[in-house]
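Because the structure is a prediction, the values reported are computed rather than measured. Letters go in sequence order (proteins before strands), and every chain restarts at 1.
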There are 2 protein chains.
Amino acid sequence: MSTTPRRTLGTLLRAAYADLAEHVYGNIAARGFPGIRRAHGGILRHIPAQGARLSDLARSAGMTKQSMAYLAEDLTRLGHLESIPDPADGRARILRLTPSGQALLQALTALSAEAEAAMAARIGPARMTALRRALERLAG
Amino acid sequence: MSTTPRRTLGTLLRAAYADLAEHVYGNIAARGFPGIRRAHGGILRHIPAQGARLSDLARSAGMTKQSMAYLAEDLTRLGHLESIPDPADGRARILRLTPSGQALLQALTALSAEAEAAMAARIGPARMTALRRALERLAG
DNA sequence: GGCTATTCGTCAGATCAACTGACTAAAGGA
DNA sequence: TCCTTTAGTCAGTTGATCTGACGAATAGCC
């Protein structure tokens with residue numbers, strides 16, 4: 001017996017991610033940031049302190065300018081991003097986190113850390129460390 | 001220095017999954033199964049040999065009947081699924097893999113194993129085993 | 001047997017997160 | 001100056017989900 005169903009690695013990774021994301025995005029509204037969806041979180045982490053241009057953000061997040069504009073528009077409307085004209089380039093706007101956006105990013109990071117801690121509690125810290133190490137090695 | 005950027009676990013999991021899925025679904029057409037997208041793969045694994053009803057598949061895959069119907073329709077059109085009326089319940093249809101669907105499932109499993117092997121080669125078999133163990137423990 | 005509640009699958013429509021293609025305006029290089 | 005590239009926008013499409021409403025069949029109860 002025990003030909004453990006041998007779930008594919010993809011299935012396992014997906015499930016773990018879904019679990020984590022559920023914790024983060026299922027609780028972010030309750031922490032004072034309504035309207036934040038999964039796709040928003042990813043882009044916030046790509047915005048450096050000095051701000052960045054839409055095209056650069058799109059490139060660094062691996063998506064099209066149009067997709068980035070669509071997400072950035074939400075965050076701007078919610079007050080977490082502001083865009084100022086680039087003094088050095090009349091075509092470009094610089095996108096930058098507002099104080100509210102910084103607080104949001106902090107809240108997301110905290111929720112993520114919580115979720116990670118909950119996982120560590122379930123599987124034990126040693127396995128958690130091994131998990132993180134392996135994933136970091138994979139990501140290069 | 002070296003306050004390693006501390007990517008969130010979510011980011012790491014997502015990246016690993018994307019990598020894997022890219023290998024599987026980026027190559028499945030070349031193996032003779034055109035038109036297969038990510039969402040299709042997931043549902044194939046939920047179909048038992050004797051077949052199952054749409055509602056049961058939806059439940060086991062954690063999605064609505066409507067979403068399952070949408071995906072199942074694609075697979076039926078491509079010849080990988082067939083639906084026969086349930087003799088025991090006039091409302092229901094039984095969905096079942098065709099031989100082509102079984103071959104598709106096999107091809108997906110093979111690609112997944114390949115991708116996993118490629119990852120193991122990158123990070124070493126010990127880390128790979130640790131990764132799998134941790135994820136399996138998480139999935140329960 | 002007959003009523004009622006539940007379940008099965010479908011229809012219609014909405015949302016979100018991406019995409020491609022076509023475009024204007026500005027910048028930069030020869 | 002002219003040509004090419006780049007920044008961002010507009011319009012439209014696709015994929016994968018969702019909700020709500022529905023007709024038909026089944027199942028439970030009296």
Side-chain angles (χ1 to χ4, degrees), chain A residues 10 14-15 17-18 21-22 24-26 28-29 34-47 51-78 81-96, chain B residues 10 14-15 17-18 21-22 24-26 28-29 34-47 51-78 81-96:
Chain A
R14 214 159 116 82
Y17 172 71
E22 171 56 30
V24 173
Y25 295 97
I28 187 66
I36 301 301
R37 303 186 308 268
R38 289 184 194 199
H40 297 138
I43 83 173
L44 289 170
R45 300 181 191 282
H46 289 277
I47 302 177
R53 303 201 288 187
L54 181 66
S55 297
D56 293 336
L57 289 175
R59 213 171 354 255
S60 88
M63 61 173 62
T64 60
K65 300 182 289 180
Q66 294 93 322
S67 300
M68 182 56 74
Y70 160 74
L71 295 169
E73 202 237 304
D74 288 346
L75 292 171
T76 303
R77 192 172 18 76
L78 290 167
L81 276 186
E82 63 186 353
S83 88
I84 57 173
D86 185 342
D89 188 334
R91 298 166 299 178
R93 300 181 305 130
I94 304 283
L95 292 172
R96 199 166 51 182
Chain B
R14 215 158 115 81
Y17 172 70
E22 171 57 30
V24 174
Y25 295 98
I28 188 66
I36 300 302
R37 302 187 308 268
R38 287 182 196 201
H40 296 136
I43 82 174
L44 289 171
R45 300 180 190 282
H46 289 276
I47 302 178
R53 303 201 288 185
L54 181 66
S55 296
D56 293 337
L57 288 176
R59 210 168 359 254
S60 88
M63 61 172 61
T64 60
K65 300 181 290 180
Q66 294 93 323
S67 300
M68 182 56 74
Y70 161 74
L71 295 169
E73 202 236 304
D74 288 346
L75 292 172
T76 302
R77 192 171 19 75
L78 291 168
L81 276 186
E82 61 185 355
S83 88
I84 57 173
D86 185 342
D89 188 335
R91 296 166 301 177
R93 301 182 304 131
I94 302 285
L95 291 174
R96 199 166 51 181

Roughly, in whole Å, what's the span from CG in L71(A) to P in dG8(D)?
-> 15 Å
Going from CG on L57(A) to CG on L95(A), what distance comes out if it is rounded to the nearest 0.5 angstrom?
-> 6.0 Å
Hey, could you give me the CZ/CZ distance between R53(A) and R59(A), rounded to the nearest 0.5 Å?
-> 8.5 Å
Sort me out a list of protein N/O and nucleotides 1-3 of chain D N/O pairs below 3.5 Å, or just none if empty.
none

The criterion is side chain to side chain contact (heavy atoms under 4.5 Å, CB included); which residues satisfy it with [X], sequence neighbours excluded?
X	value
T64(B)	Q66(B), S67(B)
R14(A)	Y17(B)
D74(B)	R37(B), H40(B), R77(B)
S60(A)	H46(A)

Results of salt bridge (Lys or Arg N to Asp or Glu O under 4.0 Å) for R38(B) - residues two or more places apart only = none
By salt bridge (Lys or Arg N to Asp or Glu O under 4.0 Å), E22(B) pairs with (sequence neighbours left out) none
Please check the phosphate of dC18(D) (OP1 and OP2 only) for any side-chain N or O of S67(B) closer than 4.0 Å.
-> yes
Span of DNA chain C, from the first to the last nucleotide whose atoms fall under 4.0 Å of chain B heavy atoms | dT7(C) to dC11(C)
Between A39(A) and L71(A), what is the shortest heavy-atom contact and its length?
-> CB-CD2, 3.6 Å
Minimum heavy-atom distance L54(A)-K65(A), with the two atoms named | CD2-O, 4.1 Å
With sequence neighbours left out, write down each residue that passes side chain to side chain donor-acceptor pair (under 3.5 Å) with R45(B), or none if nothing qualifies.
-> none
Under 3.5 Å between N/O atoms: give me all the protein pairs with nucleotides 9-15 of chain D, atom names plus distance.
unit_1  : atom_1 : unit_2 : atom_2 : d
dG15(D) : O3'    : R37(B) : NE     : 3.4

Indicate yes or no: at least one non-hydrogen side-chain atom of R93(B) is less than 4.5 angstrom from one of I84(B).
-> no
Tell me, which of residues 55-63 of chain A have any heavy atom that sits under 4.0 Å from an atom in DNA chain C?
-> M63(A)
Just by protein heavy atoms under 4.0 Å, how would nucleotides 23-29 of chain D read 5' to 3' in B, S and -?
-> -BBS---
